[in-house]
Amino acid sequence: MYLKNQYLTIIDFLLRFSSAMPKHHLIKFCKATALVLTILASFSVYAEEYEIKRLDAATVSYQGRIVKGSFHALLAQLTPETTTLRIRSSGGDGEEAMLIGNQIIDQNLGLIVDGYCMSSCANYLFLMAQKKSLLVDSVLGFHGAVSLKNSADLREQFELGKLNKDDYTGKEGLKRLQILEWELLKKVGLNLDTLSTINAQLYKKNPIDPKAKRTVVLTIDGKKYTFNWDDRGQKLMEKRLRKSLKKNSEVSFVINNPYADAIYFPSQQFLQEIGVKGILDYPYPENNAALQKLLSEDLSNIKAVGDFPEPEPVSKK
C-alpha cells in the first residue's frame, strides 16, 4: 500500500516530463515509462485479481488485491444481514482499503483472515474490525503505512480538529491519505502512532539495514546512474533524463526498495499491548522458520518476521 502512495510522485513526474517532449523522443520515453510502471506494479507483495462471493446470508468473501473499485464492488454484496467479511488479500490501494475499513466499522462487520491479510489489508481492515480472527495457518502481515511520513505540524493540526481531508488533492493527496488514516485509527480508539509502532518492529526485526535507502538505477546507453529517491535525487535524475533524450539514448529504470517484500506478523500479545481489541482466534507459528513455511509458493519471495524469542547463544566449551 504505502509503496504505491510513495511512487505517485514518480508517475506524476514522468507524465509532466513527457508533456513538453518533442514527438520523436516521446515514443522512446513511453517505452521507458512503461517499464517503470511495470516495475512499480512488481513492488506489490503479491499480485492477483479479486473475487467477491457471498458464502451465506451472513458472510461475504473477498479474495485478491484491493484496487480502485474494490470498495463499491464489495459494498454491492453487503446487506443488512451481513455480519462477517472473510478476507484473503495481500493489500493494495490504500485509500480503497480505508473505505472498506470505514464500512467495516460502520456496519460492525467481523473479519476472518483466510490465508493472509497483508499491507493495507492488515492496516485498515484487520485493525478496524471490532471482532477478528485468523484461521489456522493464516498470516497477518504489516508492511508500511501512510502516516509513517507525516509531519509534526500536520499531526498537530489534525489533533486540533483543523484539517479537512477534502482540502488536499492533486500533489497534496498524500496528506489526504494521512488524515483518512488518522480518522480511522481514532474511530476505533487506537493511538495515532499505532501503525508507526507496528512498523518500527518490522525495521527492528528485519535484518535489512533500516537506513538503506530507496534508489532508482537509471541505465542510459549501458551506463548506470544511481539516484536516491528524494527531492534532490529526482531533480538530478530529471536533468540526466533530459540530456539522454536529446541524444536519443536507450533508457531503462530499476527501482530498489529494501523493504518491498518484508512483512511483520505481530503476536497477539504485542497487538493487545498497543491497544488492539477484539482478537478472537489468533493461531501463531512457533518460530520464524514455521512462519516462512506458511507462505505459499506465490508468497515465497516475502521475508516474514514475527515475535519470537531470540535464539540462545551457543556456549563455548
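Between D307 and K205, at least one side-chain N (NZ, or NE/NH1/NH2) sits under 4.0 Å from a carboxylate O, which counts as a salt bridge.
Closest approach of E181 to V146, counting heavy atoms only: OE1-N, 3.1 Å. Looking at every heavy atom in both residues, G101 comes nearest to L184 through C-CD2, 4.3 Å. Taking every heavy atom of both residues into account, A122 and L140 meet most closely at CB-CD1, 3.8 Å.
Residues F142 and L202 fail the side-chain proximity criterion, which asks for heavy atoms closer than 4.5 Å. Side-chain contact between F158 and Q178 is absent, with no heavy atoms from C-beta onward closer than 4.5 Å. No side-chain heavy atom of L180 sits less than 4.5 Å from a side-chain heavy atom of Y124. In this structure the side chain of M98 never reaches within 4.5 angstrom of the side chain of N102, judged on heavy atoms. In this structure the side chain of V188 never reaches within 4.5 angstrom of the side chain of L127, judged on heavy atoms. At a threshold of 4.5 Å between non-hydrogen side-chain atoms, the residues L125 and Y62 do not count as touching. Side-chain contact between F126 and L111: present, with at least one pair of heavy atoms (C-beta onward) separated by less than 4.5 Å. No side-chain heavy atom of Y116 sits under 4.5 Å from any side-chain heavy atom of C121.
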Quiz item: After noting the C-alpha distance and the side-chain angles of I220 and K223, does the key distance pass the side-chain contact (heavy atoms from CB on, under 4.5 Å) rule?
Solution: CA-CA 5 Å; I220 302 173; K223 187 174 182 179; 5.6 Å; no
Quiz prompt | Check against side-chain contact (heavy atoms from CB on, under 4.5 Å), K162 and E156 | solution = CA-CA 9 Å; K162 296 182 178 180; E156 182 180 359; over 6 Å; no
Quiz item: Taking it one step at a time, do D193 and S196 satisfy side chain to side chain donor-acceptor pair (under 3.5 Å)?
Solution: CA-CA 5 Å; D193 291 321; S196 297; 4.8 Å; no
Quiz item: Between V139 and M118, does a side-chain contact (heavy atoms from CB on, under 4.5 Å) hold up when you go through it step by step?
Solution: CA-CA 8 Å; V139 177; M118 301 180 181; 4.2 Å; yes
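V113 and L135 sit in two unconnected hydrophobic clusters of ILVMFWY residues. Membership requires side-chain heavy atoms under 4.5 Å apart, directly or through other members. Both I263 and V305 are assigned to one and the same hydrophobic cluster, defined by single-linkage of ILVMFWY side chains at heavy-atom distances under 4.5 Å. Hydrophobic clustering of Ile, Leu, Val, Met, Phe, Trp and Tyr side chains at less than 4.5 Å, counting indirect connections, keeps I87 apart from I112.
Summarising the geometry, atom CD belonging to Q130 is positioned 10.5 Å from atom CD1 belonging to I104; distances are rounded to the nearest 0.5 Å. Taken from CZ in R65 to OG in S119, the straight-line distance is 7.0 Å, to the nearest 0.5 Å. Summarising the geometry, atom CD belonging to E159 is positioned 8.5 Å from atom NZ belonging to K186; distances are rounded to the nearest 0.5 Å.
A salt bridge (Lys or Arg N to Asp or Glu O under 4.0 Å) check over residues 112-136, counting only residues at least two apart or in different chains, returns the pairs R86-D114. Within the structure, salt bridge (Lys or Arg N to Asp or Glu O under 4.0 Å) contacts touching residues 103-112 (residues at least two apart or in different chains) are D106-K187.
A donor-acceptor contact shorter than 3.5 Å links the side chain of R54 to the backbone of A57. Q292 places a side-chain N or O within donor-acceptor distance of the main-chain N or O of I302, the cut-off being under 3.5 Å. The closest donor-acceptor contact from the side chain of N199 to the backbone of G144 lies under 3.5 Å. For H143 (side chain) and S120 (main-chain N/O), no donor-acceptor pair under 3.5 Å exists by modelled atom type.
The side-chain hydrogen bond (donor to acceptor under 3.5 Å, both in side chains) search around S138 returns none, not counting sequence neighbours. Residues passing the side chain to side chain contact (heavy atoms under 4.5 Å, CB included) test with Q107, sequence neighbours excluded: L78, T82, Q103, L109. Partners of A73 by side chain to side chain contact (heavy atoms under 4.5 Å, CB included), not counting sequence neighbours, listed by chain and number: Y50, I52.
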Show me the donor-acceptor pairs within less than 3.5 Å that the side chains of residues 269-282 make with the rest of the protein, sequence neighbours left out.
from : atom 1 : to   : atom 2 : distance (Å)
Q269 : NE2    : E273 : OE2    : 3.1
Y282 : OH     : P266 : O      : 2.6

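In this structure, the ring of Y284 has its center less than 6.0 angstrom from the ring center of F265.
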